[in-house]
Amino acid sequence: MKVFKFGGASIQDAASMQNVGSIIQKHSQDIGLIVISALGKTTNALEKVIISFFEQQNPTAFQLLEEIKEKHLLLCTELGLSQAVVTELEDMFIDVEWILENPPLREFNYYYDQIICLGELLSSKIISEFLITQGIDNVWVDVRDVLRTDDNYRAANVNWAQTQQLVTQKISPLMGKKLVITQGFIGSTDDNCSTTLAREGSDYTAAIFSYCLNAAEMVIWKDVLGVLTADPRLFDDAVLLPNLSYEEAIEMTYYGAQVIHPKTLQPLQAKQIPLRVRSFIHQSHEGTLICKQTAPNNSLNLPPVVVVKPNQTLLKLESLDMEFMDEQKLAKVFQLLSKSQLKTNMSQHSALGFWVSVNTEADKLNVLKTILPPYFSLTVTEGLKLITLRHCSPDLIQKYIGNQTVLLQGNSQNTQQWLVISD
Ligand code: ADP
Ligand code: ASP
Ligand code: MG
């Protein structure tokens, strides 16, 4: 039994929905469960609704939500779905409209998760009903009934024991009998509050189900041929990697290769479930197979890999009391970064200073500023990108780094990193 995942790019309009329908039709004998993310850029559009609501710009929030509704209902018409389906989608919108009608009383992240989940609920419902019109029997499951998390809104942690129990109870009996269609990215707390696994988290959802259902393979369908040596949007000489070890794929996604969500690989590796990344456009290509490699790492002849992580901010913390950046002080620094939920991508320290490249997130940086003890000074440099090169020769380093202005540089086995000014 295989788990499939379709991302936003594969289901952005009626034509792409039909394409996804034909892929599912072709593989229907093998698939047990399909994870769906929101249509196209719906999650970004919903983020704008949430921001307007939180800034108490309610007419704007309603207007933006209306635009999202029109788009989804138009898609239903284009796909020839019934009035009953349209009514079901309208009811999902009403749940969000109710939230928007009252002023926010709780924290931003809580409301974010209660509203943003609409995107996946809508898209998965549309796909499920569309498949039925195509003669593909399936059952739509609200993932919040099985995927349990804590209440760390916007970056919820999976409660594996509870999720495994619920999947075994509610999903396993359907395998081999009914195709299950469910949502990526979202989950729920014990109190039935919606949560999310962080942006782009649908790949991770598919891995959670693959793990809990002991899938034979997980397949994620993308707009690229598979995993390439670099993002083809940035480098036109990027080439396909037909095979990758879990370790190499984990390294690539950790440094920011957007093609797979970084948390996806650990659950798959734990049960040695192969992950295939393949194209929903060029379906005859086999794509990339990520699985356990039998050859030792050094004999794999790994190709050079380039990962560019944009939107970086360099923070420099200096010790004002002239005390060394010793273990205690470093522990304090990491505690401060963890409390403010800033994502550390690269760091270095000297006798009195600590440099760290973090994702540019103003709200989290503000938290850091408010909790910073007086014995630290903080300097902030924005507008940077982090370039990571793996297995690269000096001539390739010259090619990718050239004469760019470097603010921080790091070197570890097989991996070199440069924090440079964005173009
Ligand atoms: P999804 O539709 O599942 O959300 P994403 O847009 O998140 O898919 O991921 C696919 C995109 O990842 C590609 O369009 C590509 O531009 C980008 N990407 C970044 N790094 C790589 C890489 N090393 N190989 C392939 N694609 C990459
Ligand atoms: N829809 C969510 C996002 O855009 C999750 C995902 O697509 O993986 O981040
Ligand atoms: Mg994505």
Side-chain angles (χ1 to χ4, degrees), residues 4-13 16 19-20 34-48 50 68 112-113 115-124 127 143 147 154-156 182-187 194-208 218-242 244 248-264 275-282 285 287-288 290 302-310 385-391:
F4 276 19
K5 179 253 163 171
F6 291 97
S10 65
I11 49 168
Q12 50 189 329
D13 52 27
S16 46
N19 179 47
V20 164
I34 303 179
V35 170
I36 305 283
S37 41
L39 303 184
K41 301 275 177 228
T42 304
T43 305
N44 292 352
L46 281 166
E47 280 189 344
K48 293 198 180 117
I50 299 158
I68 298 171
Y112 182 100
D113 283 0
I115 296 174
I116 209 92
C117 59
L118 178 65
E120 270 68 15
L121 294 170
L122 295 166
S123 61
S124 58
I127 271 270
V143 78
L147 206 157
R154 289 184 77 184
T182 196
Q183 307 81 43
F185 177 51
I186 65 179
S194 301
T195 53
T196 60
L197 308 174
R199 287 298 308 264
E200 304 292 334
S202 297
D203 294 341
Y204 182 38
T205 305
I208 296 165
M218 170 172 151
V219 186
I220 49 181
W221 297 84
K222 300 271 172 179
D223 59 357
V224 280
L225 283 183
V227 181
L228 311 184
T229 49
D231 186 341
R233 280 183 297 198
L234 303 179
F235 300 99
D236 50 20
D237 56 355
V239 293
L240 179 72
L241 296 163
L244 267 180
E248 190 58 25
I250 287 174
E251 293 281 349
M252 283 180 76
T253 56
Y254 173 79
Y255 292 121
Q258 190 210 326
V259 64
I260 308 170
H261 186 274
K263 282 185 167 178
T264 308
L275 169 62
R276 192 171 285 282
V277 182
R278 58 186 298 182
S279 168
F280 59 80
I281 304 163
H282 305 284
H285 274 266
T288 301
I290 301 167
L302 290 162
V305 164
V306 189
V307 182
V308 180
K309 204 168 174 61
K385 63 181 176 187
L386 182 61
I387 304 178
T388 303
L389 303 182
R390 285 178 58 74
H391 326 292

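In each ligand, atom 1 is the first atom listed, and ligand 1 is the first ligand listed.
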Regarding S16 and N19, do their side chains bring together a donor and an acceptor under 3.5 Å, going by distance alone? no
Candidate pair D113 and T195, rule side chain to side chain donor-acceptor pair (under 3.5 Å), full reasoning: CA-CA 5 Å; D113 283 0; T195 53; 5.3 Å; no
Nearest heavy-atom approach of Q183 to V143 is OE1-N, 2.8 Å
Polar side-chain atom of T205 near backbone of F185 as donor-acceptor pair, under 3.5 Å: yes
Take atom OH in Y254; do more than 12 heavy atoms of anything else shown fall under 6.0 Å from it? no
K385 atom NZ, neighbour heavy-atom count above 12 within 6.0 Å: yes
So, does S123 use its side chain to make a donor-acceptor pair with the main chain of S37 at under 3.5 Å? yes
Any residue meeting ring pair (Phe, Tyr, Trp, His ring centres under 6.0 Å) with F4, in chain and number order, not counting sequence neighbours: H27, W221
Atoms named by residue and atom, protein N, O or S, within reach of the Mg ion (ligand 3) (under 2.8 Å): E200 OE1
Measure the spacing between CG of L39 and CG of L122 and express it to the nearest 0.5 Å. 7.5 Å
Are D223 and R233 within salt-bridge range, i.e. N to O under 4.0 Å? no
Show me, by chain and number, every protein residue that has a heavy-atom distance under 4.0 Å to ligand 2. S37, A38, T43, E120, F185, R199, E200, G201, S202
Check each N or O atom of ligand 1 against all protein N or O atoms and list the pairs under 3.5 Å, with atom names and distances to 0.1 Å, one per line.
| unit_1 | atom_1 | unit_2 | atom_2 | d |
| --- | --- | --- | --- | --- |
| ligand 1 | 3 (O) | K5 | NZ | 2.8 |
| ligand 1 | 3 (O) | K222 | NZ | 2.8 |
| ligand 1 | 4 (O) | E200 | OE1 | 3.4 |
| ligand 1 | 6 (O) | Q258 | NE2 | 3.4 |
| ligand 1 | 7 (O) | E200 | OE1 | 3.1 |
| ligand 1 | 7 (O) | Q258 | NE2 | 3.1 |
| ligand 1 | 8 (O) | K222 | NZ | 3.2 |
| ligand 1 | 14 (O) | D223 | OD1 | 2.7 |
| ligand 1 | 14 (O) | D223 | OD2 | 3.2 |
| ligand 1 | 16 (O) | D231 | OD1 | 2.8 |
| ligand 1 | 16 (O) | R233 | NE | 2.8 |
| ligand 1 | 16 (O) | R233 | NH2 | 3.2 |
| ligand 1 | 23 (N) | L228 | O | 3.0 |
| ligand 1 | 24 (N) | L228 | N | 2.9 |

Side-chain (D231) to main-chain (Q258) donor-acceptor, under 3.5 angstrom: no
Would you find a donor on one side and an acceptor on the other, under 3.5 Å apart, between the side chain of Q12 and the backbone of A9? yes
Check whether T288 reaches the backbone of L241 with its side chain - one donor and one acceptor, N or O, closer than 3.5 Å. yes
